[in-house]
Amino acid sequence: MTTLHISEQEQVRRQSLEEIRKLGIDPYPAAMYPVNISATKILTDFRDGEDNFPDVCLAGRIMSRRIMGNASFAELMDSSGRIQIYVRRDDLCPGEDKTLYNTLFKKLLDIGDIIGIRGFAFRTQMGEITIHVKELTLLSKSLRPLPVVKEKDGVLYDAVTDPEMRYRQRYVDLIINPEVRELFRKRTQIMRSMRELFDSNGYLEVETPILQAIPGGAAARPFITHHNALDIPLYLRIADELYLKKLIVGGYDGVYEFSKDFRNEGMDRTHNPEFTVMEIYVAYKDYNWMMSFTEQILEKVATDLHGTTRVALGDHIIDYKPPYRRISMTDAIKEYAGIDITEMSEDDLRKECDAAGIGHSPSMGKGKLIDLIFGEKCEHHFVQPTFIIDYPQETSPLTKKHRHKAGLTERFELIVNGKELANAYSELNDPIDQLERFQEQMRLSEKGDDEAMFIDMDFVRALEYGMPPTSGMGIGMDRLTMFMTNQPSIQDVLFFPQMRPEGQKNT
RNA sequence: CGGUCUGUAGCUCAGCUGGUAGAGCAGCUGACUCUUAAUCAGCGGGUCCAGGGUUCGAGUCCCUGCAGACCGACCA
């Protein structure tokens, strides 16, 4: 027997497949099927007492069957939703030969099969809008049993909630959990809203290299790969920033990119090794303008998605209606950590960290220590959208020095629900200053900071030709999607989150 | 990396202080031409995650491993 890898139910389906072929029916026909309407369209537009939808043709997956002898009900699910169908033997098979109903429909079809139907809409005695089937076509035979989720009065029975199954076999998750399909529509809608805004401002959507010889633009550990023909190591990008600014040098007023970035670091509820970022750079602007623009983006995204700026997130309602609070990092630390860092030396900051029980290492400079205190003591207090502005120079090597405040840079991060959502600056465009900042990063690297930035001499060369004053901003799209759709983990907003490879168990 | 929990039929889950497995759904056979968690009668289905150990005997106890979830650490 072939029971080794194939369950009883799978064997039955394979037998059915053969019998379908013996009946002269192709279980995987090539011809297109002339669908002319969706399930949801019928359900919303059906009017009682009118002869509407007298001839509809739709296709989808059989999700349940209720066979009663010579007439049956089933549920058909297309991409829009589910609709009940009514299959009566003598209507499906008007002649003597009842094979199509008795054998094909009742015996050889299963939950999960994809069929096409032609018929008319009516309302049953129980009050449900239903398609009375006159013609039925098998479009694709399913060989694996689908988890059957039942529902009554809004209560789900046997719902599949096992995250491993849902992430590894996302296709099954999408089939049986319609809200998951809806969630990913929202993800796409969020990106569409942003594109609309950027395009209406005349900014250009561009693509820049994923394989980079120097992984620049951020502080992170990269993935490394190798190019055979060139025989050189290449890195998967950790950010788009330097390439996009080179395009501003090239003369575009505004460029943006939705990009996959890759960081070879930990994985958890909020981090996936590959993730999506939107970065935008606009010439002749500064970070003050970018704050207003960021407000505009989020207001539009929330409104397009929910019809309001108020969005539920966990126990909170986040209101994306501008303006958002703006507070300097120094003031934030003063207010929430009770520490005045303005006159402090590196040693003073270390003592404050010790006093507050914050772990730190000798390789950390002043800026990193300040960042640490903020992250530990302040960040989580900012639930409603808040701009934290004016970061230490040391941790912002691509940012213009603050026009008034010594030692600080014109940078902001947008904090929502205690987490960073966006990061932006007035871009450093002084090539000599930029080179010095890169060299400072080198010194940090030698001190043991393994995520200090590499020097990108081509970027310095580009700046030497002259880059207009520019402001740039990046938004973590996965995190934004989590915030806008009230999802607690990044795996839920990625179709295929990174998982450990499966063993040999399921093939 | 550390702590807690989990892994049993296609799916959701029971299985007590050790005695070689059970329910619902799904499947199969039959009945039923407006059902809707359809119903009724009957039937089959298991590498109890893997490997080792204790024991006369392990789904159950012990060890190791694998996979997952949650919490922490690290990490933006």
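Throughout, protein chains are lettered first and strands after them, A, B, ... in sequence-line order, and every chain is numbered starting at 1. FYI, side chains are in, hydrogens and waters are out, and symmetry mates aren't considered; it's all heavy atoms of this structure.
- A:Q125 comes within contact range of at least one nucleobase, with a heavy-atom separation under 4.0 Å.
- For the pair A:M68 CE and B:G30 P, the interatomic distance rounds to 18 Å; values are reported in whole Å.
- Here B:A67 presents its P atom at 17 Å from CD of A:Q169, a figure rounded to the nearest Å.
- Summarising the geometry, the separation between CD on A:E376 and P on B:A73 is reported as 8 Å, rounded to the nearest angstrom.
- Listed by residue number, A:F73 are the residues of residues 73-81 of chain A with a heavy-atom contact under 4.0 Å to RNA chain B.
- Residue A:R66 places none of its side-chain N or O atoms closer than 4.0 Å to OP1 or OP2 of B:U35.
- The nucleotide whose nearest atom lies closest to any side-chain atom of A:K107 is, among B:U29, B:A69, B:A37, B:U29.
- Taking atom C1' on both B:U55 and B:G18, the two are 9 Å apart, rounded to the nearest angstrom.
- In this structure, A:E413 pairs ionically with A:R411, as a charged nitrogen and a carboxylate oxygen lie closer than 4.0 Å.
- Between A:K366 and A:E346 there is no salt bridge, since no side-chain N of the basic residue sits under 4.0 Å from a carboxylate O of the acidic one.
- Side chain of A:T124, nearest nucleotide from B:G68, B:C34, B:G27: B:C34.
- Distances from the side chain of A:Y157 to the nucleotides B:A37, B:C11, B:U35 place B:A37 closest.
- Contact between the side-chain N/O atoms of A:K150 and the OP1/OP2 oxygens of B:A38 is found at a separation under 4.0 Å.
- For A:P163, whose side chain is taken as the heavy atoms from C-beta onward, the closest listed nucleotide among B:A69, B:C25, B:C75 is B:A69.
- Ring centroid separation for the pair A:Y425 and A:Y287 does not come in under the 6.0 Å cut-off.
- The separation of B:G51 from B:C11, taken at their C1' atoms, amounts to 28 Å, rounded to a whole angstrom.
- Atom CD of A:E164 and atom P of B:C70 are 12 Å apart (whole Å).
- The environment of CD in A:E179 is crowded: more than 12 heavy-atom neighbours from other residues, nucleotides or ligands sit within 6.0 Å.
- A:K152 has a side-chain polar atom (N or O) that falls below the 4.0 Å cut-off from OP1 or OP2 of B:A37.
- Residue-level contact check: A:N423 touches neither bases nor backbone, having no heavy atom under 4.0 Å from any strand.
- Comparing the C1' positions of B:G10 and B:U17 gives an interatomic distance of 34 Å, to the nearest angstrom.
- Checked against a 6.0 Å centroid threshold, the rings of A:F374 and A:Y336 do not count as neighbours.
- On a pure distance criterion of 3.5 Å, a polar donor-acceptor pair joins the side chain of A:Q9 and the base of B:A26.
- Across the C1' atoms, B:C34 and B:G30 are found 22 Å apart, a figure rounded to whole Å.
- A salt bridge links A:R82 and A:E75; the closest N-O separation between the charged side-chain nitrogens and carboxylate oxygens is under 4.0 Å.
- A donor and an acceptor atom, one from each side chain of A:S80 and A:T40, are located under 3.5 Å apart.
- When both distances must be under 3.5 Å, the Watson-Crick or G-U wobble mate of B:A67 is B:U6.
- A:D162 places its CG atom 11 Å from the P atom of B:G68, with the value rounded to the nearest Å.
- The base of B:G24 sits with one of its N or O atoms less than 3.5 Å from a complementary donor or acceptor on the side chain of A:D158.
- Separation of the P atoms belonging to B:C56 and B:U39 is 50 Å when rounded to the nearest angstrom.
- Under the 4.0 Å criterion applied to side-chain N and carboxylate O atoms, A:E18 and A:R21 are assigned as salt-bridge partners.
- Counting any heavy atom pair closer than 4.0 Å across all strands shown, A:R263 reaches sugar-phosphate atoms only and no base atom.
- Base pairing analysis places B:G72 opposite B:C1; the two distances defining the Watson-Crick or G-U wobble pair are each below 3.5 Å.
- If you find the closest nucleotide of RNA chain B to A:R221 and to A:I111, the one lying nearer the 5' end belongs to A:I111.
- If you take atom P in B:C49 and the same atom in B:A58, they sit 15 Å apart, rounded to whole Å.
- When each of A:V148 and A:R89 is assigned the nucleotide of RNA chain B bearing its nearest heavy atom, the one mapping closer to the 5' terminus is A:V148.
- Looking at A:R187 and A:D478, a side-chain N of the basic residue comes within less than 4.0 Å of a carboxylate O on the acidic one, giving a salt bridge.
- Between B:A26 and A:R65, no contact under 4.0 Å exists linking OP1 or OP2 to a side-chain N or O.
- In this model, no side-chain donor or acceptor of A:E8 finds a partner on the base of B:G45 within 3.5 Å.
- Among B:U33, B:C34, B:C11, the nucleotide with an atom closest to any side-chain atom of A:R88 is B:U33.
- When the side-chain nitrogen and oxygen atoms of A:R500 are compared with OP1 and OP2 of B:G68, one or more of them lie within a distance under 4.0 Å.
- Pair check for B:G24 finds B:C11; Watson-Crick or G-U wobble, both atom distances under 3.5 Å.
- Atom CG of A:L108 is separated from atom P of B:C28 by 10 Å (rounded to the nearest Å).
- In this structure, CZ of A:R166 is placed 18 Å from C1' of B:A67, rounded to the nearest angstrom.
- Taking the six-membered ring for Trp and the full ring otherwise, A:F184 and A:F495 have centroids separated by under 6.0 Å.
- Residue-level contact check: A:I67 touches the bases, meaning some heavy atom is under 4.0 Å from a base atom.
- Checked for salt-bridge contact, A:K134 and A:D55 miss the test: no charged N lies under 4.0 Å from a carboxylate O.
- Residue A:R13 is out of contact with every strand shown, counting any heavy-atom pair closer than 4.0 Å.
- In this structure, A:A159 reaches the sugar-phosphate backbone alone: every heavy-atom distance under 4.0 Å involves primed, P, OP1 or OP2 atoms, never a base.
- Atom name P, nucleotides B:A67 and B:A73: the rounded distance is 24 Å, in whole Å.
- Set against B:C25, B:U33, B:C28, the side chain of A:D110 has B:C28 as its closest nucleotide.
- With a cut-off of 3.5 Å on both Watson-Crick or G-U wobble distances, the partner of B:C40 is given as B:G30.
- Side-chain nitrogen and oxygen atoms of A:R168 include at least one within less than 4.0 Å of the OP1 or OP2 phosphate oxygen of B:G68.
- B:C75 and B:G57 have their C1' atoms separated by 50 Å, given to the nearest Å.
- For A:S7, counting side-chain heavy atoms from C-beta on, the closest listed nucleotide (B:U35, B:G10, B:U12) is B:G10.
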